[in-house]
Amino acid sequence: MAKFLPRLNSQTAFQLDFMPLLMATVTDLQSHVTALHSIYLNGSIAYRQATSGISDLNLTVVLTAPLTMEEQHRIASVSQTLRRDYPVISTIDITWVLLDKVLSITAIFKWGFWLKHCSVCLYGTNLSEQFGDFEPCWEIAKAFNHDIAAALVTIEQQIRRTKSISEYQYYCRCAGKKMLRSCFMLVAIYVDDWAYTDQQCANFFLTRYPDKATEIERLFVLINGPQVPKKASLFMLSQFGSWIVNEFNNIERKIG
């Protein structure tokens, strides 16, 4: 019998601290985006495990047409205002995607899975209802992990260039989260569940790679602090990041 992956609860209220922010965000996007189709909440706020003042606001916004240059400028200004007015979040991360791409059969293991199992619809026609439930499979892991090598190169370059402490800490956090999520993707095919939190990613990964416990501890330092020297973060990106990429490629050669 098929074992379907879990879905996020779309009925339970979100944490009260974040409700004013969510309502303001939806209102602002409705006001400033002409080709708006639907808005989806992701991340720790969607999981109801957000921490006030620390967690990010993660959104997926589906559009029927690309944003205009004017809209891009307005959204940047709105995001800045929301971060200032609602200090319950540390930053706002919006993924913009066109409706045609979401509905493309070639993207089903990315966008179909993402909307069905990792998102809560806040506004518009809920596209998750157009997809069936998903089972664990390598295609999902590939859809979310295919960019790991390029992503780590980009983050490494950002860390090397920045002279801002706040930027550096942000890039370290991005690096840690990206690698931790990629670690889970290495084992996701073997798990009849899904990792929604950093700790879940670590737990699932370590059941199959217990010898990597030290590396996972270091990823949590990159994510949560204390701040480490650039030499240490670059070492993790180079050494453990390369191991993740190589392991991903090895599994791809075996499974295809």
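Just so we're clear, the structure is a prediction, and the values are computed from it rather than from any experiment.
- Side-chain contact annotation: Trp194 with Gln200, donor-acceptor N/O pair under 3.5 Å absent.
- We find the CG-CG distance between Leu8 and Leu41 to be 8.5 Å, quoted to the nearest 0.5 Å.
- Using a distance-only test at 3.5 Å, with no hydrogens or angles considered, a donor-acceptor pair links the side chain of Arg48 to the main chain of Ala46.
- Open room surrounds OH on Tyr170; 12 or fewer heavy atoms of other groups in view lie less than 6.0 Å from it.
- Between the side chains of Tyr209 and Glu247, at least one donor N or O sits under 3.5 Å from an acceptor N or O.
- His146 places a side-chain N or O within 3.5 Å of a backbone atom of Ala143 that can act as its donor or acceptor partner.
- Put simply, the side chain of His117 gets close to the backbone of Phe134: a donor and an acceptor are under 3.5 Å apart.
- Taking the six-membered ring for Trp and the full ring otherwise, Trp114 and Phe144 have centroids separated by under 6.0 Å.
- Distance CZ/Phe14 to CG/Asn9: 8.5 Å, rounded to 0.5 Å.
- Here the side chain of Gln15 pairs a donor or acceptor atom with the backbone of Ala50 at under 3.5 angstrom.
- One finds the CD atom of Gln239 at 10.0 Å from the CZ atom of Arg218 (value rounded to the nearest 0.5 Å).
- In summary, of the residues considered (Val78, Val33, Ile75), a side-chain contact (heavy atoms from CB on, under 4.5 Å) with Asp28 occurs for Val78 alone.
- Of the options Met185, Met179, Lys178, a side-chain contact (heavy atoms from CB on, under 4.5 Å) to Ile244 is made by Met179 and by none of the others.
- A side-chain N or O of Ser166 and one of Ser164 form a donor-acceptor pair less than 3.5 Å apart.
- Between the Glu71 side chain and the Thr34 main chain, a donor and an acceptor come within less than 3.5 Å of each other.
- Contact between Trp243 and Leu186 at its shortest, heavy atoms only, is CZ3-CD1, 3.8 Å.
- Ser233 and Tyr168 share a donor-acceptor pair across their side chains, judged by distance under 3.5 Å alone.
- With hydrogens and angles left out, the side-chain atoms of Asn145 and Ser182 include a donor and acceptor closer than 3.5 Å.
- Counting heavy atoms of neighbouring residues, nucleotides and ligands inside a 6.0 Å radius, atom CD of Gln30 exceeds 12 of them.
- Ionic pairing of Arg173 and Asp198 is not present here: no N-O contact between side-chain nitrogen and carboxylate oxygen is shorter than 4.0 angstrom.
- For Lys230, the NZ atom sits in a packed shell: over 12 heavy atoms of surrounding residues, nucleotides or ligands are nearer than 6.0 Å.
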